[in-house]
2 protein chains.
Amino acid sequence: MTGSRSGVLELAVLGSLHENPLHGYELRKRLNTLLGMFRAFSYGSLYPCLKGLLTDGLIVEEEPPDDVVLGRRSKIVYKLTAEGKERLQELLTQAGPSSWEDESFGIHFAFFRHTEAEVRLRILEGRRSRLEERMENVRTALARTRERLDSYTLELQRHGLESVEREVRWLNELINTERAQAADKSQSERGERPDSGE
Amino acid sequence: MTGSRSGVLELAVLGSLHENPLHGYELRKRLNTLLGMFRAFSYGSLYPCLKGLLTDGLIVEEEPPDDVVLGRRSKIVYKLTAEGKERLQELLTQAGPSSWEDESFGIHFAFFRHTEAEVRLRILEGRRSRLEERMENVRTALARTRERLDSYTLELQRHGLESVEREVRWLNELINTERAQAADKSQSERGERPDSGE
DNA sequence: CTGCAGATGTATCAGCTCGATACATCAGTC
DNA sequence: GACTGATGTATCGAGCTGATACATCTGCAG
């Protein structure tokens with residue numbers, strides 16, 4: 001129980017290193033590119049996380065390609081261990097609040113390629129109900145508010161609601177696509193060959 | 001130099017208490033309603049902030065309406081002092097990175113009613129260039145990326161960019177409205193009476 | 001009238017994250 | 001050959017979150 005990492009970062013790091021070994025600086029760049037407009041990690045959280053993953057044996061420093069002259073040590077390249085891969089699989093399997101909250105949804109989505117279809121669906125649906133719940137809260141809170149609000153506040157509310165509604169529509173499309181794919185798949189498994197399988 | 005509050009919270013609290021005195025619990029509810037989908041404050045940050053504002057003399061505990069039986073003390077109602085109002089004005093006057101970053105823009109916007117037109121415009125424009133800069137970074141980072149990304153990552157990027165573009169369009173509309181109002185005003189100040197002055 | 005469940009209300013703490021900073025190394029370049 | 005900017009590792013103070021504790025008030029079922 002040595003490392004108590006944050007879950008989000010753990011998945012982000014393990015997932016990135018699974019694609020190929022990396023050193024801290026580049027790892028950060030990759031992640032911040034991957035997550036684009038959604039999140040940005042800082043070294044102050046990245047390095048402690050790497051340290052924890054090391055002590056837990058989920059990653060190791062990669063050996064330099066032995067023809068390198070000794071006395072050089074600038075880059076520290078990390079790669080996954082077998083345990084690390086196992087842990088990553090575990091993280092990719094669980095769908096729960098920690099996979100559809102604001103901070104973590106982006107990461108989980110970014111690694112959907114490695115996630116089972118059923119889990120993908122549950123995460124998307126979880127995210128959707130999370131957003132709908134939030135809209136509901138805001139709407140009832142608004143309704144309970146006695147004094148009417150000024151136009152700027154109202155505009156802020158309107159824009160916020162509209163943004164979230166837009167994200168819900170986006171999720172709906174994704175969910176439909178996933179369902180359609182699942183249907184295709186089960187059809188083709190029954191031997192019906194739906195043209196060309198991806 | 002007693003209090004070193006976070007700026008965002010300070011504005012949020014002072015601004016809310018300016019409308020009417022409140023106690024902590026309700027203050028939090030108000031703020032989280034006001035900011036709707038954008039932010040949520042926790043007690044762990046709110047109470048320390050109130051404490052700091054107290055010691056700096058920007059707020060005081062309101063006297064109970066003296067017919068109340070003594071020995072009662074459950075609610076602690078805070079209200080602004082003269083210094084607090086001054087400080088609030090100061091916060092509402094400054095337009096800078098701390099007013100258009102993600103965490104703080106919503107609060108500043110929510111109190112635009114109390115903000116001068118010129119400051120409003122600078123904050124909106126600052127926010128817009130912040131978002132454009134971020135889009136630019138993502139786009140160039142994407143362009144530099146060698147390996148092509150899987151469809152989920154791509155979809156995430158697309159959705160992110162689209163959301164930000166949408167917010168930029170929203171800002172453009174607001175900026176145009178502000179400019180038009182400023183023009184109206186300067187016209188009416190030159191004595192041209194444009195129908196009904198607000 | 002009693003008790004008890006749920007909203008109201010104040011307060012704190014461990015753990016985590018951010019932003020800043022420090023300090024090396026490396027590539028290009030005039 | 002030394003300056004500049006990108007690359008790279010690492011830490012720290014300050015602040016925030018989520019959880020938790022605990023007290024009070026209100027409604028209402030038994």
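Below, each value reflects all heavy atoms present in this structure, side chains not excepted, and no hydrogens, waters or symmetry copies.
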Could you check how far NZ of Lys75(B) sits from P of dT10(C), rounded to whole Å?
8 Å

Nearest-Å distance for atom pair CG/P, residues Leu50(B) and dT10(C):
9 Å

Say you draw a straight line from CZ of Phe105(A) to CG of Leu131(A); how long is it, rounded to the nearest 0.5 Å?
8.5 Å

For the side chain of His23(A), counting heavy atoms from C-beta on, which of dT10(C), dG19(C), dT9(D) is nearest?
dT9(D)

What pairs with His18(A) under ring-ring contact (aromatic ring centres under 6.0 Å, His included), at least two apart in sequence or on another chain?
His114(A)

Value in whole Å for how far the C1' atom of dG19(C) lies from CZ of Phe41(A)
16 Å

Gly24(A) and Leu46(A) have their tightest heavy-atom pair at O-CD2, 3.8 Å

I need the single residue from Val60(A), Asp56(A), Leu53(A), Leu54(A) that forms a side-chain contact (heavy atoms from CB on, under 4.5 Å) with Thr81(A). Which is it?
Val60(A)

Looking only at dC18(C), dG9(C), dT9(D), the nucleotide nearest the Ser45(A) side chain is dC18(C)

Whole-Å distance between dT7(D) C1' and Asn32(A) CG?
15 Å

Nearest-neighbour nucleotide for the Tyr25(B) side chain, dT9(D), dG18(D), dG9(C) considered
dG9(C)

Between C1' on dT17(D) and CG on Leu46(B), what's the gap in Å once rounded to a whole number?
13 Å

Quick check: does any side chain N or O of Glu101(B) sit under 3.5 Å from a backbone N or O of Arg130(B), one acting as donor and the other as acceptor?
no

Could you tell me whether Gly24(A) contacts a base, only the sugar-phosphate backbone, or nothing, with contacts defined as non-hydrogen atoms closer than 4.0 Å?
sugar-phosphate

Scan nucleotides 22-24 of chain C against the protein and return all N/O pairs shorter than 3.5 Å with their distances rounded to 0.1 Å.
none

Within less than 4.0 Å of OP1 or OP2 of dT9(D), is there a side-chain N or O belonging to Tyr47(A)?
yes

For dT9(D) and Lys51(A) - does any side-chain N or O of the residue sit under 4.0 Å from the phosphate oxygens OP1/OP2?
no

Would you mind classifying the nucleic acid contact of Arg39(B) as base, sugar-phosphate or nothing, using non-hydrogen atoms under 4.0 angstrom?
sugar-phosphate

Just by modelled atom types, is the Tyr152(A) backbone N or O under 3.5 Å from a matching donor or acceptor in the Arg113(B) side chain?
no

Quick one: Tyr43(B) OH to dG18(D) P, roughly how many Å, whole number?
14 Å

Separation of Ile107(A) atom CD1 from dT17(C) atom C1', in whole Å?
14 Å

dC16(D) C1' sits how many Å from Arg28(B) CZ, rounded?
13 Å

Examine distances only and state if a side-chain atom of Ser16(A) and a backbone atom of Leu27(A) form a donor-acceptor pair shorter than 3.5 Å.
no

To the side chain of Lys29(B), which of dT8(C), dT11(D), dC16(D) is closest?
dT8(C)

